[in-house]
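Take a look at the structure below.
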Amino acid sequence: MLRIEDTDQTRLVEGAVDRIYDALRWLGIDWDEGPDVGGDYGSYVQSERLERYEQMVTSLFNCDRAYYCFCSAERLKTLRELQAQRHLPPGYDGHCRNLEPAKVAHRVKTEPFVVRFKMLKGGVTTLHDLVRGPVVFENRLQDDFVILKSDGFPTYHLALLTDDSSMEISHVIRGEEWLPSAPKHVQLFEAVGYPVPQFAHLPVLVGSDQKKLSKRTGGASALEYKDKGYLPEAMLNFLAFLGWSLDDKTSIISKDELAAQFSLDRVVPNPAIFDLERLDFLNGYHIREIPPVRWKALVAAECPDSVSDELMSTVAPLLQTRTNRLEEILPNISFLFEDYLPTYDAALLSERLGNDVSMTLHVLQDVVSALSQIDWNVVNIEFAIRGLQDEEHLGIKMRKFIVTLYVAIMGKPQGIPLFDSLVLLGREESLRRFKYAADLLEN
RNA sequence: GGCGCGUUCGUCUAGUGGCCAAGGACAUCGCCCUCUCAAGGCGAAGAUCACGGGUUCGAAUCCCGUACGCGCUACCA
């Protein structure tokens with residue numbers, strides 16, 4: 001079930017709800033009930049449920065667990081300052097808790113107000129958290145929090161009580177930052193006599209600096225990861241094992257398996273650092289798992305439309321073990337279809353040959369002559385280039401001189417396999433690049 | 001300041017009193033494979049289980065304390 005919690009009218013953001021849909025759908029997480037698909041417990045948008053919250057407030061008044069509060073923002077502010085100064089426990093002081101009913105009835109008509117919940121002040125409230133076990137809170141330190149704001153909208157607390165009870169929510173699984181307000185929620189449910197849902201407070205994800213996730217440390221919406229070239233299955237796999245484990249050795253998991261295996265009792269209570277290196281590994285892993293047809297489509301999506309289907313068929317498999325993120329695809333193959341001579345530092349050509357320029361020239365010249373006459377296919381190209389190792393030609397190992405050829409063709413000392421690349425480039429363009437490299441070296 | 005939560009290799013974690021002189025994965029390093037780079041295979045290094053007390057024949061595992069980190073402390077969620 002998907003519920004949109006939009007009770008803070010000051011923080012509405014255009015398009016935010018659509019991004020929630022998009023992000024969840026991208027990850028393959030879908031819902032049976034929600035604003036867009038309907039369901040028996042609607043509306044699923046809190047701003048459309050205002051009457052229900054009002055009804056709940058009435059019930060709370062009826063059991064004497066709510067009261068009007070007319071305190072001004074300024075009074076509240078000075079109260080907080082005073083408490084901080086005197087090292088007192090923070091929280092509302094109950095100023096309006098016992099106002100005369102007659103006066104209240106009058107002020108409600110003429111003044112802005114909020115409604116507060118009467119917390120029990122004696123004893124303790126115990127939360128039985130599914131991740132952390134029992135957590136005990138002293139009621140004396142709890143304050144009467146706002147449940148209905150002066151604009152008539154509920155706070156999160158009231159909305160939670162109202163919606164989770166009427167929508168028959170069994171589990172409240174949320175971030176650890178909610179733990180301190182859990183006693184509020186327990187008392188709210190108990191006040192109206194509804195069963196308290198099961199609570200599970202998950203550890204937060206933190207950046208490499210141990211602080212809240214920031215842009216620098218990986219904090220971003222799921223959709224931003226999509227744009228950066230991450231696969232949803234990798235993202236889900238990555239997220240799944242942050243704070244949870246299946247057993248002592250599993251680190252790869254699919255969505256279906258996760259759905260079948262996940263259990264709250266294997267969630268750990270401590271925060272996890274968001275490790276981008278692991279995400280990259282997982283993404284590479286899942287890329288290698290993609291069936292050829294789908295992989296080819298993904299590669300094509302990264303390339304200009306003009307690229308031929310034939311070229312794509314050859315190149316896609318070569319890319320699959322060499323790609324960790326989709327955005328790495330284009331730079332790796334652009335030398336194939338951009339009509340240009342790769343630019344590079346001439347020194348790169350002879351680097352692997354101990355900067356022996358005359359030997360490097362030799363390599364380039366021999367390659368040109370070896371490739372000039374043959375029928376243009378992989379087998380012949382490989383045979384011809386391997387032949388250069390012989391004493392009567394270069395007399396050095398191919399692994400020594402092949403890097404020179406990579407640089408001449410791709411502009412860098414590594415990339416997708418050379419022989420296949422030469423086939424795709426064609427004889428004319430290949431020889432042109434070798435000759436250009438030789439020219440570069442001579443000047 | 002008050003309250004709460006947390007603390008096992010750099011990172012994610014396994015571990016619920018003996019099978020742990022702590023297992024797996026990422027990252028790192030080495031070897032193999034190899035047309036480069038990857039991928040893959042094999043291997044190495046890496047944690048006095050935050051610290052200090054206790055309980056016990058025996059503790060990473062139970063209890064107490066300390067330190068450090070984080071969260072909350074709104075008419076935000």
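In what follows, chains carry the letters A, B, and so on, assigned in the order in which the sequence lines appear, proteins first and then strands, with residues in each chain numbered from 1. Predicted, not measured: the structure shown is a model, and the values here were computed from it.
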OP1 or OP2 of [N] sitting under 4.0 Å from any side-chain N/O of [X]?
{"X": "A:Arg11", "N": "B:A77", "result": "no"}
{"X": "A:Arg386", "N": "B:C35", "result": "yes"}
{"X": "A:Arg266", "N": "B:G15", "result": "yes"}
{"X": "A:Ser181", "N": "B:C72", "result": "no"}

So does A:Leu258 get a backbone contact from the side chain of A:Gln261, meaning a donor-acceptor N/O pair under 3.5 Å? no
How far, in whole Å, is B:A60 from B:U7 if one measures between their C1' atoms? 12 Å
Whole-angstrom distance between B:G40 and B:C62, as gauged at atom P: 38 Å
Give [X] one of three labels, base, sugar-phosphate or nothing, depending on what nucleic acid heavy atoms sit under 4.0 Å from its own.
{"X": "A:Pro417", "value": "base"}
{"X": "A:Phe241", "value": "sugar-phosphate"}
{"X": "A:Leu141", "value": "sugar-phosphate"}
{"X": "A:Ala272", "value": "sugar-phosphate"}
{"X": "A:Gly175", "value": "nothing"}
{"X": "A:Arg116", "value": "sugar-phosphate"}
{"X": "A:Val206", "value": "nothing"}
{"X": "A:Lys149", "value": "base"}
{"X": "A:Ser150", "value": "base"}
{"X": "A:Val204", "value": "nothing"}
{"X": "A:Arg86", "value": "nothing"}
{"X": "A:Val146", "value": "sugar-phosphate"}

Sort out the partner of B:A25 for me: Watson-Crick or G-U wobble, both distances under 3.5 Å, none otherwise. B:U11
Please give the nucleotide sitting opposite B:G30 as a Watson-Crick or G-U wobble pair, both distances under 3.5 Å, or none. B:C42
Quick one: are the ring centres of A:Tyr44 and A:Trp31 less than 6.0 Å apart? no
Residue [X], side-chain heavy atoms: nucleotide from [options] that is nearest:
{"X": "A:Asn270", "options": "B:U13, B:C35, B:C76", "result": "B:U13"}
{"X": "A:Glu277", "options": "B:C12, B:U36, B:A27", "result": "B:A27"}
{"X": "A:Arg132", "options": "B:A77, B:G6, B:C35", "result": "B:G6"}
{"X": "A:Arg322", "options": "B:A77, B:C37, B:A38", "result": "B:C37"}
{"X": "A:Gln414", "options": "B:C5, B:C37, B:A77", "result": "B:C37"}
{"X": "A:Phe281", "options": "B:G24, B:C26, B:C35", "result": "B:C26"}

Presence of salt bridge, A:Arg3 and A:Asp164, under 4.0 angstrom: yes
Would you state whether a donor and an acceptor, one from the side chain of A:Ser251 and one from the base of B:A25, lie under 3.5 Å apart? no
Measure CD1/A:Ile402 against C1'/B:U36 and give the value in whole Å, please. 7 Å
Residues A:Leu282, A:Glu233; criterion side chain to side chain contact (heavy atoms under 4.5 Å, CB included); working and verdict: CA-CA 9 Å; A:Leu282 253 9; A:Glu233 47 269 60; over 6 Å; no
Residue mapping more 5' on RNA chain B - nearest nucleotide basis, A:Arg352 or A:Asp247: A:Asp247
Assert: residue with more 5' nearest nucleotide on RNA chain B, out of A:Arg278 and A:Thr7, is A:Arg278
Working note: A:Tyr230 + A:Asp280, criterion side-chain hydrogen bond (donor to acceptor under 3.5 Å, both in side chains); need CA distance, chi angles, decisive distance, verdict. CA-CA 8 Å; A:Tyr230 290 98; A:Asp280 280 349; 2.5 Å; yes
Ring-on-base stacking between A:Tyr406 and B:U36, under 5.5 Å between centres and under 30° between planes: is it there? yes
Should A:Phe383 and A:Phe419 be marked as a side chain to side chain contact (heavy atoms under 4.5 Å, CB included) after you check the CA-CA gap, both sets of side-chain angles, and the distance that decides it? CA-CA 10 Å; A:Phe383 184 79; A:Phe419 306 143; over 6 Å; no
When you check the side-chain N and O atoms of A:Asn283 and A:Lys228, is any donor under 3.5 Å from an acceptor? no
